[in-house]
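A quick write-up on the structure given underneath.
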Amino acid sequence: MPSSSSGPQSVDRAFALLDAVADADRPVGAKALARTLGCALSTVYHLTGPLIARGHLVRTPEGYAPGPRVPALHRAYQRHHGLGGSVAELLGRLRRTSGAEAYFTAYHDGRITVIDTTAPVTDTTHPFAPGPEARAHATAHGKALLAGLPRALRRRYLDAHGMARFTERTITSPERFEAELAKVRDRGFAVSVGEADPAYTCLATALPGRGDGSVHALSVSLPTADFRRRHGEVRAALARAVPLLADALSDSTVGVSASGVSASGVSASGVSASGVSASGVSASGVTRFPTLPES
């Protein structure tokens, strides 16, 4: 195979190189990167040159490290997704009150992504990390997000991503999975006990839709042994955090018109014509599980 760096293979390798540097807990040498990428040392030097020039990498005496452009990309990411300091603050608060790592995830345009988390990126023992989620059917946040989709979109997602078995508890039958999602919609939260990782349990709740075709979820994960001892405490902490995060997202993304009602139908008081507040809680105090309209 030619080693030309002018095509898609070079782009893929450049991103793989950036991921390898970002995932490491210290600077990474060129030889280590060549082994990780399975390429020649000269290819590593060829790829790192433009990345250094653009500020995505820096070269230190110990090896390559993330460059000064990375924080700006993170700020842009937060801006485009309507995230701000309040989201990170709320995730941190949920971690403190629940004693579990907290996550903010999203479904958009056929993809599920872990957007932000309190879990340290260097904690390789933890089963979930920011980025594309390949195990959605086996996670609580994936179940919560998929439960909010129309059936046709859900089938399309599962057809594209499959239902691989990760543990003996993973649901791999579409019929069983649909029954599980019906339970999620009925009770307003999703749980995964050892389905993605045998040692971890995760709990998730979907957030109210923002009218942009996406679904978001707030979740926590912790060792299953801890969850069995403290499941009531963890569930209560998650339930308290959901309306706070929903309101923070609503404040940052929903514009209220002069009449007091935004394009999403949420009034300045935070209550829509249906009687459901921006936090997803109705006047009766019942949490409503959000769904996208059938297309």
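At least one side-chain heavy atom of L146 sits under 4.5 Å from a side-chain heavy atom of L158. In this structure, the side chains of R155 and P174 stay at 4.5 Å or more apart for every pair of heavy atoms. Contact annotation: the side chain of L91 approaches that of F104 to within less than 4.5 Å [non-hydrogen atoms, C-beta and beyond]. For the pair L37 and L47, the minimum side-chain heavy-atom distance is below 4.5 Å. Within the 4.5 Å cutoff, no side-chain heavy atoms of V58 are placed close to those of I52. H56 places a side-chain heavy atom less than 4.5 Å from the side chain of L73. Counting heavy atoms from C-beta outward, T117 and F128 have side chains that stay 4.5 Å or more apart. A 4.5 Å side-chain heavy-atom check between L51 and L17 finds at least one atom pair inside the cut-off.
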L33 vs Y64, test: side-chain contact (heavy atoms from CB on, under 4.5 Å). Steps then yes/no.
CA-CA 9 Å; L33 287 172; Y64 296 98; 3.7 Å; yes
Step by step, would you call V193 with R169 a side-chain contact (heavy atoms from CB on, under 4.5 Å)?
CA-CA 8 Å; V193 181; R169 299 182 66 96; 4.2 Å; yes
Would you check, one step at a time, whether the test side-chain contact (heavy atoms from CB on, under 4.5 Å) holds for C39 with V44?
CA-CA 7 Å; C39 65; V44 171; 3.9 Å; yes
Chi angles and distances behind the ring-ring contact (aromatic ring centres under 6.0 Å, His included) call for H216, Y107:
CA-CA 6 Å; H216 295 82; Y107 166 91; 9.9 Å; no
Decide yes or no on side-chain contact (heavy atoms from CB on, under 4.5 Å) for R54 and R69, but give the supporting numbers first.
CA-CA 7 Å; R54 290 179 174 270; R69 176 67 179 151; over 6 Å; no
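A salt bridge between D226 and R229 is present, with a side-chain N of the basic residue lying under 4.0 Å from a carboxylate O of the acidic one. A salt bridge links R93 to E89: one of the charged nitrogens lies within less than 4.0 Å of a carboxylate oxygen. A salt bridge links K143 with E180: the closest approach of a Lys/Arg side-chain nitrogen to an acidic carboxylate oxygen falls below 4.0 angstrom. Using a 4.0 Å cut-off between a side-chain N of Lys or Arg and a carboxylate O of Asp or Glu, E195 and R135 do not qualify as a salt bridge. Taking 4.0 Å as the cut-off between side-chain N and carboxylate O, E178 and R154 count as a salt-bridged pair.
Cluster membership check: V114 does not share its hydrophobic cluster with L245, using side-chain heavy-atom separations under 4.5 Å among Ile, Leu, Val, Met, Phe, Trp and Tyr. If you chain together hydrophobic residues whose side chains sit under 4.5 Å apart, Y103 and L207 never meet in one group. Hydrophobic clustering, with ILVMFWY side chains joined whenever heavy atoms are under 4.5 angstrom apart, groups V242 together with V220.
The distance from atom NE2 of H46 to atom CG of L41, rounded to the nearest 0.5 Å, is 13.5 Å. Note that the NE2 atom of H231 and the OG1 atom of T201 stand 11.0 Å from one another [nearest 0.5 Å]. Taken from NE2 in H141 to OG in S221, the straight-line distance is 8.5 Å, to the nearest 0.5 Å. Note that CD of E133 and OG1 of T105 are 8.5 Å apart. Values are rounded to the nearest 0.5 Å.
Geometrically, R187 engages F189 in a cation-pi contact, judged by NZ or CZ lying under 6.0 Å from the ring centre and within 45° of the ring axis.
Neither side chain, T139 nor S192, offers a donor N or O lying under 3.5 Å from an acceptor on the other. Checked by atom type, the side-chain pair T170/R165 shows no donor-acceptor distance below 3.5 Å.
Heavy-atom minimum distance, L94 versus A102: CD2-CB, 3.8 Å.
More than 12 heavy atoms of other residues, nucleotides or ligands lie within 6.0 Å of CD in E62, so this atom counts as buried by the packing criterion.
Using the six-membered ring where Trp is involved, H137 and F166 have ring planes that are tilted, between 30° and 60° apart.
Under the side-chain hydrogen bond (donor to acceptor under 3.5 Å, both in side chains) criterion, E233 pairs with R230, not counting sequence neighbours.
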